[in-house]
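Below: the structure, in structure tokens.
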Amino acid sequence: MKIYDFPKGPYPTRVRIALAEKDMLSRVEFVMVDLYEGEHKRPEFIAAKNYSGTLPVLELDDGTCIGECTAITEYLDALDGTPKLTGNTPLEKGLIHMMTKRAEIELLDAVSVYFHHGTPGLGPKVELYQNPEWGFRQRDKAVRGMRYFDTVLSRQPYVAGEAFSMADIAVIGGLLFASLVELPVPDECEALRGWYAKMLRRESVRRQPAFSGLPV
Ligand SMILES: N[C@@H](CCC(=O)N[C@@H](CS(=O)(=O)O)C(=O)NCC(=O)O)C(=O)O
């Protein structure tokens with residue numbers, strides 16, 4: 001399998017963490033795609049790899065391409081046994097998918113919009129349209145999302161309940177992106193900050209290029 005990748009990117013890091021959790025990194029060849037050069041927006045990439053023009057993309061040996069971090073993680077989780085990142089029971093699967101989607105809507109995607117519209121983003125070669133007001137509104141939404149996940153994590157050890165899952169990985173992606181755009185977690189979000197410190201101690205997280213150089 002190949003993954004079209006941007007090693008320090010928040011979304012690609014989600015899939016990298018999943019692969020590391022499942023000890024599957026050796027089964028994947030990473031193909032770097034240069035976002036700042038706009039390689040992901042080239043017609044040939046959009047036509048052949050991902051209509052949405054985003055990373056990561058999983059390409060199977062038969063040429064099938066799967067985009068979207070959640071879909072890629074669900075595929076990988078179904079391929080290989082343990083640990084289960086997407087749930088073992090219908091209830092677990094439903095809650096994990098819901099909280100993963102909520103992490104995207106309320107946090108990760110909101111920070112991404114702020115990055116692309118409220119900052120120089122990937123630069124003028126790629127950011128062909130920017131709406132700073134929309135970017136700033138999404139930045140404020142992301143901070144509300146941080147407060148929401150702080151409330152969730154004040155009641156339970158992981159984002160979707162009692163066990164680490166794909167939903168935790170999505171929130172890790174959101175806080176990683178927030179750190180890249182210098183959007184701090186509010187001081188009063190103690191549960192979220194404590195949970196994130198715990199996540200950064202996981203080998204599957206700490207080893208990622210996005211987190212390299214962190215104090216051990
Ligand atoms: N919904 C997609 C979003 C993926 C996404 O936005 N990926 C970023 C990569 S990174 O910013 O995390 O490195 C991207 O391709 N951005 C390029 C662009 O939006 O032009 C997913 O979940 O995979």
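Remember, it's 1-based here, ligands and their atoms both numbered in the order they're listed.
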Could Glu104 and Arg14 be called an ion pair, given the rule that one side-chain N must be under 4.0 Å from one carboxylate O? yes
Pair Asp61 + Lys2, salt bridge at N-O below 4.0 Å: no
I want to check a possible cation-pi pair here: Arg16 against Phe30, using under 6.0 Å from ring centre and within 45° of the ring axis as the test. yes
For Gln208 and Thr13, which I'm curious about, is there any donor-acceptor pair between the side chains at under 3.5 Å? no
Lys141 to Tyr114, cation-pi by 6.0 Å centre distance and 45° axis angle: no
Ligand 1: which protein N/O atoms lie under 3.5 Å from its N/O atoms?
residue, atom, partner, partner atom, Å
ligand 1, 1 (N), Glu68, OE1, 2.7
ligand 1, 7 (N), Leu55, O, 2.7
ligand 1, 12 (O), Pro10, N, 3.3
ligand 1, 12 (O), Tyr11, N, 2.9
ligand 1, 15 (O), Leu55, N, 2.9
ligand 1, 19 (O), His116, NE2, 3.3
ligand 1, 20 (O), His40, NE2, 2.8
ligand 1, 22 (O), Glu68, OE1, 3.4
ligand 1, 22 (O), Cys69, N, 3.4
ligand 1, 23 (O), Cys69, N, 3.1

Sidechain-backbone polar pair: Gln130 side chain, Thr119 backbone, donor-acceptor under 3.5 Å: yes
